Amino acid sequence: MREVPDFKGTVLKGFTALTSMMGNEAALMAMLGNEELTTRTYHSALRMDWNGEERALIERHYEDERRHLAWIKQAARHREWTRRETEAHP
């Protein structure tokens with residue numbers, strides 16, 4: 001079953017697409033904001049009472065978001081896109 005994004009998801013996706021036209025760094029910063037918001041949302045959801053299957057699903061998605069967020073923060077910190085450009089054009 002294909003999930004349909006809610007209004008907030010649609011806005012975030014559009015914002016990320018728009019900022020990506022401004023370059024890699026702008027796109028990464030937009031993604032950073034999206035991932036921080038999503039990670040906080042899953043973290044908040046885990047404070048609620050869920051049955052075992054629901055909790056497992058939310059925990060799985062929360063860990064995915066934490067992994068995404070860590071990767072984006074590392075890429076931003078090390079400016080991965082500039083390193084790759086330098087390697088491609090020595």
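Worth saying up front: this structure is predicted, and the values here are computed from it rather than measured.
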Checklist line | side chain to side chain donor-acceptor pair (under 3.5 Å) partners of N51, counting only residues at least two apart | finding: E54
Notebook entry, point to check: Can you name the nearest heavy-atom pair linking I58 to A45, along with the distance?
Noted result: CG2-CB, 4.2 Å
Next item on the list: For residues R55 and M48, report the shortest heavy-atom separation together with the two atoms involved.
Entry: NH2-O, 2.7 Å
Item checked: Rounded distance [0.5 Å steps], CD1 in I72 versus OG1 in T39 -> 8.5 Å
Notebook entry, point to check: For the atom pair OG1 (T38) and NE2 (H61), what is the distance rounded to the nearest 0.5 Å?
Noted result: 11.5 Å
Next item on the list: State plainly whether one hydrophobic cluster holds both L69 and M31, where clusters connect Ile, Leu, Val, Met, Phe, Trp and Tyr through side-chain heavy atoms under 4.5 angstrom apart.
Entry: yes
Notebook entry, point to check: Linking I/L/V/M/F/W/Y whenever their side-chain heavy atoms sit closer than 4.5 Å, directly or via other members, would L32 and W71 fall into one cluster?
Noted result: yes
Which residues pass the salt bridge (Lys or Arg N to Asp or Glu O under 4.0 Å) test with [X], sequence neighbours left out?
{"X": "E36", "answer": "none"}
{"X": "R40", "answer": "none"}
{"X": "R67", "answer": "D64"}

Notebook entry, point to check: Transitive ILVMFWY cluster of L57 at side-chain heavy atoms under 4.5 Å: who else is in it?
Noted result: none
Margin query: Taking ring pair (Phe, Tyr, Trp, His ring centres under 6.0 Å) as the definition, give me every residue that meets it alongside H43, ordered by chain and number, with sequence neighbours left out.
Written below: Y62
